[in-house]
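Below is one structure; the comments refer to it alone.
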Amino acid sequence: YVQGLGLGTMMIDHFLESLPARIRGSVPITTITSPRNLAMLRLLFARGFAGRWFLKDYFGPGRDRVGCQLRGQETPWPPASGIQVPAPALDLVMRLLAEHGHVIRALVHTVTGPMFELVPGHGEQFPASGPP
């Protein structure tokens, strides 16, 4: 295994650095990962991606995914305080994304464990895209 050696980080950073600004602002750049892959989600959120879609049973029963999209603007998140949801509470995360229009902006560690931080979605921060 090469996990933990920084290869994923180097590949994502190289890709993002090579993107012309006009592409980043107009072309939807999406990826998917398991909602349990906290290391990958932390990496994506730190590089401007947000979790926009919960893809239930995407690869079969119980094999859910989170669809993440790169934000089109280099603007900070709106000052709205986020809702923190325990990372294992995937049903609640799914409802907040699908029914309430939230996006996951961060993964934070607390004394009670990892939490997803969700904020109301702001579609203007993303190039138009449907779920992957």
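What you see is a predicted model; the values in this text were computed from it and never measured.
Distance CZ/Phe15 to OG1/Thr31: 9.5 Å, rounded to 0.5 Å. The structure places OG1 of Thr9 at 11.0 Å from CZ of Arg42, a figure rounded to the nearest 0.5 Å. One distance of note links CG of Asp91 with NZ of Lys56; it measures 6.0 Å at 0.5 Å rounding. From Arg36, atom CZ reaches atom CG of Asp64 across 6.0 Å, with rounding to the nearest 0.5 Å. Atom-to-atom distance recorded for Ser18:OG and Ile23:CD1 is 10.5 Å, nearest 0.5 angstrom. With rounding to the nearest 0.5 angstrom, the CD atom of Glu17 is 5.5 Å from the CG atom of Asp13.
Residue pairs satisfying the salt bridge (charged side-chain N to carboxylate O under 4.0 Å, His left out) criterion with at least one member in residues 112-122, sequence neighbours excluded, are listed as follows: Arg105-Glu117.
With hydrophobic clusters built from ILVMFWY side chains whose heavy atoms lie under 4.5 angstrom apart, Ile83 shares a cluster with Val66. Both Phe45 and Met94 are part of a single hydrophobic cluster, where members link through side-chain heavy atoms under 4.5 Å apart. Tracing side-chain contacts under 4.5 Å through hydrophobic residues (I, L, V, M, F, W, Y), one never reaches Leu92 starting from Val119; they form parts of separate clusters. The cluster map of Ile, Leu, Val, Met, Phe, Trp and Tyr, joined by side-chain heavy atoms under 4.5 Å apart, puts Leu97 and Ile32 in different clusters. In this structure, Leu16 is not a member of the same hydrophobic cluster as Leu41, with clusters built from ILVMFWY side-chain heavy atoms closer than 4.5 Å.
The two residues Gln69 and Pro28 have their closest heavy-atom pair at NE2-CB, 3.5 Å. When all heavy atoms of Phe126 and Ala50 are compared, the closest pair comes out as CZ-CB, 3.7 Å. Contact between Ser129 and Trp53 at its shortest, heavy atoms only, is O-CZ2, 3.8 Å. Across all non-hydrogen atoms, the minimal contact from Gly67 to Leu55 is N-CD1, 4.0 Å. When every heavy atom of Val103 is checked against every heavy atom of Gly121, the shortest pair comes out as CG1-CA, 4.0 Å.
Thr112 places none of its side-chain heavy atoms less than 4.5 Å from the side chain of Pro86.
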Practice task
Check step by step if side-chain contact (heavy atoms from CB on, under 4.5 Å) holds for Leu44 and Ile12.
Solution key: CA-CA 8 Å; Leu44 292 170; Ile12 292 171; 4.0 Å; yes
Practice task
Please test Phe49 against Ile104 for side-chain contact (heavy atoms from CB on, under 4.5 Å), starting from the C-alpha separation and ending with a verdict.
Solution key: CA-CA 9 Å; Phe49 285 83; Ile104 307 169; over 6 Å; no
Practice task
Would you please test Arg52 and Cys68 for side-chain contact (heavy atoms from CB on, under 4.5 Å) and show each step?
Solution key: CA-CA 6 Å; Arg52 295 195 66 196; Cys68 297; over 6 Å; no
Exercise for the section: Show your working on side-chain contact (heavy atoms from CB on, under 4.5 Å) between His102 and Val93 and close with a plain yes or no. Expected result: CA-CA 9 Å; His102 283 70; Val93 171; over 6 Å; no
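Between the side chain of Asp57 and the backbone N or O of Gly62, at least one donor-acceptor pair lies under 3.5 Å.
Met115 belongs to a hydrophobic cluster with Val108, counting contacts under 4.5 Å between side-chain heavy atoms of Ile, Leu, Val, Met, Phe, Trp and Tyr, direct or through other members.
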